[in-house]
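Counting begins at 1 with the first residue of the sequence.
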Amino acid sequence: FLKQGSIDGACGPYSVFMGLLTLGLISYDKITSHNIKGNERLGKLFNKLNEEYYSLFKNGTYLKDLEELITETFGKVINVKSFDEKNKDVLNFTIEHLKQNHPTIIGVNYNDGGHWMLAVGYETNENDEVIRILTLDSSGENPIISTWNSIIDAKATKRGIYKYKWWTKSINVEYEQAIALW
């Protein structure tokens, strides 16, 4: 888990870093140190972020941005598949990849904006249907008991654009995009 700042829109890059941590491609000690060499993959990723984006990511990041960050810096050691659809299609893509132990960065939209999180698991009901997506949310609290800190329904709970309840924030969202990493 990596904690995002309160005034930045860097949830996308934080989700990328948490995905790389989950896959064991970087270490927590390395990413939080100030001793990262520019010729290492992680150093190249930091350099790309520093050169191409405003420091606080006030406008956030887009699917293409995140995919490019990953492939241009870790592309030789990681597989990436992005998916640019909506709701049920994004959920199916995410669940398919989670079943293969592929951490998946998911993008959600809501009334006042959008957000990226790292999907790390799911919850099923007694019929083995996926009912919730379990995520690491960089804007949330440090998970102490579980490997996630945020939960979003995988079953529509409301009509309209924002069909899925994001329990942790008490709002409804639309699943918009996803990027699987392995």
Side-chain angles (χ1 to χ4, degrees), residues 1-20 22 49 53-54 56-71 79-125 127-141 143 146-182:
F1 174 75
L2 295 169
K3 180 77 171 164
Q4 179 183 344
S6 298
I7 61 170
D8 67 45
C11 52
Y14 273 86
S15 294
V16 168
F17 288 127
M18 289 190 297
L20 295 171
T22 300
L49 287 170
Y53 295 93
Y54 296 108
L56 294 177
F57 293 86
K58 279 306 207 189
N59 297 318
T61 50
Y62 297 93
L63 180 69
K64 182 180 179 239
D65 297 326
L66 300 181
E67 187 175 20
E68 196 175 279
L69 283 171
I70 298 164
T71 57
N79 292 303
V80 175
K81 185 173 184 182
S82 61
F83 195 75
D84 189 8
E85 293 293 331
K86 298 268 191 241
N87 289 326
K88 197 65 177 167
D89 293 329
V90 171
L91 275 167
N92 290 336
F93 174 87
T94 301
I95 292 164
E96 171 190 323
H97 282 280
L98 290 174
K99 285 181 178 179
Q100 298 174 59
N101 291 320
H102 300 164
T104 303
I105 300 167
I106 58 170
V108 297
N109 286 329
Y110 47 92
N111 263 342
D112 296 328
H115 193 57
W116 293 104
M117 292 174 269
L118 183 68
V120 294
Y122 54 86
E123 182 183 338
T124 59
N125 64 14
N127 298 324
D128 208 31
E129 298 169 317
V130 175
I131 57 170
R132 292 185 188 95
I133 301 297
L134 310 173
T135 71
L136 274 175
D137 176 4
S138 62
S139 70
E141 296 302 316
S146 61
T147 56
W148 62 89
N149 66 353
S150 195
I151 300 170
I152 307 173
D153 275 336
K155 299 283 183 190
T157 58
K158 185 178 171 184
R159 291 181 184 250
I161 296 172
Y162 309 114
K163 302 175 186 218
Y164 302 92
K165 177 81 173 190
W166 182 4
W167 288 93
T168 317
K169 299 289 184 182
S170 296
I171 60 173
N172 280 63
V173 298
E174 164 192 50
Y175 288 97
E176 185 180 32
Q177 300 168 323
I179 305 171
L181 313 170
W182 71 97

Using side chain to side chain contact (heavy atoms under 4.5 Å, CB included), reason through Glu96 and Phe83 one step at a time and then give a plain yes or no.
CA-CA 12 Å; Glu96 171 190 323; Phe83 195 75; over 6 Å; no
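- Residues satisfying the side chain to side chain contact (heavy atoms under 4.5 Å, CB included) test with Glu123, not counting sequence neighbours, are Ile131, Arg132.
- With sequence neighbours left out, the side chain to side chain contact (heavy atoms under 4.5 Å, CB included) criterion links Leu2 to Tyr14, Phe17, Met18, Leu21, Tyr28, Ile31, Thr32.
- Asn149 contributes a side-chain N or O that, together with a main-chain N or O of Glu141, makes up a donor-acceptor pair within less than 3.5 Å.
- Thr124 places no side-chain N or O within donor-acceptor distance of the main-chain N or O of Tyr122, the cut-off being under 3.5 Å.
- Here the shortest heavy-atom pairing between Leu49 and Pro13 reads CD2-CG, 4.1 Å.
- Taking every heavy atom of both residues into account, Phe93 and Ser82 meet most closely at CZ-C, 4.3 Å.
- With sequence neighbours excluded, the residues satisfying side-chain hydrogen bond (donor to acceptor under 3.5 Å, both in side chains) with Glu174 are Asn109.
- Of all non-hydrogen atoms in Leu91 and Ala154, the two that sit nearest each other are CD1-O, 3.6 Å.
- Residues passing the side-chain hydrogen bond (donor to acceptor under 3.5 Å, both in side chains) test with Glu129, sequence neighbours excluded: Asn125.
- More than 12 heavy atoms of other residues, nucleotides or ligands lie within 6.0 Å of OH in Tyr110, so this atom counts as buried by the packing criterion.
- Distance check: Leu118 CG to Leu134 CG gives 11.5 Å after rounding to the nearest 0.5 Å.
- Residues passing the salt bridge (Lys or Arg N to Asp or Glu O under 4.0 Å) test with Glu85, sequence neighbours excluded: none.
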Checking side chain to side chain contact (heavy atoms under 4.5 Å, CB included) for the pair Leu181/Ile105: CA distance, chi angles, key distance, verdict?
CA-CA 8 Å; Leu181 313 170; Ile105 300 167; 4.2 Å; yes
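- When side chains are defined from C-beta on, Pro143 does not count as touching Trp148, because their heavy atoms never get closer than 4.5 Å.
- Note that OG1 of Thr135 is 8.5 Å distant from CD1 of Ile151, once rounded to the nearest 0.5 Å.
- Panel note: side chain Trp116, backbone Leu66; no donor-acceptor pair is recorded below 3.5 Å.
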Please step through side chain to side chain contact (heavy atoms under 4.5 Å, CB included) for the pair His115 and Gln4, ending with a clear verdict.
CA-CA 12 Å; His115 193 57; Gln4 179 183 344; 4.0 Å; yes
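- For Ile95, the side chain to side chain contact (heavy atoms under 4.5 Å, CB included) partners at least two apart in sequence or on another chain are Lys99, Val130, Ile133.
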Would you be so kind as to tabulate the donor-acceptor pairs closer than 3.5 Å made by side chains of residues 156-164, with sequence neighbours excluded?
residue	atom	partner	partner atom	Å
Thr157	OG1	Lys163	O	3.2
Thr157	OG1	Asn172	ND2	3.4

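- Listed by chain and residue number, nothing satisfies the side-chain hydrogen bond (donor to acceptor under 3.5 Å, both in side chains) test with Trp182 (two or more places apart in sequence, or in another chain).
- Put simply, the side chain of Ile152 reaches to within 4.5 Å of the side chain of Tyr175, judged on heavy atoms.
- Residues satisfying the salt bridge (Lys or Arg N to Asp or Glu O under 4.0 Å) test with Glu176, not counting sequence neighbours, are Lys86.
- To the nearest 0.5 Å, atoms OG (Ser15) and CE (Met117) are separated by 8.0 Å.
- Considering every non-hydrogen atom in both Lys169 and Ser139, the closest pair reads NZ-OG, 3.6 Å.
- Sorted pairs that involve residues 108-118 and meet salt bridge (Lys or Arg N to Asp or Glu O under 4.0 Å), not counting sequence neighbours, are lacking altogether.
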Test His102 against Lys81 for side chain to side chain contact (heavy atoms under 4.5 Å, CB included), laying out the working first.
CA-CA 10 Å; His102 300 164; Lys81 185 173 184 182; over 6 Å; no
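- Residues forming a ring-ring contact (aromatic ring centres under 6.0 Å, His included) with Phe1 (at least two apart in sequence, or on another chain): none.
- Under the side-chain hydrogen bond (donor to acceptor under 3.5 Å, both in side chains) criterion, Lys64 pairs with no residue, sequence neighbours left out.
- To the nearest 0.5 angstrom, Thr94 atom OG1 is 10.5 Å from Ile179 atom CD1.
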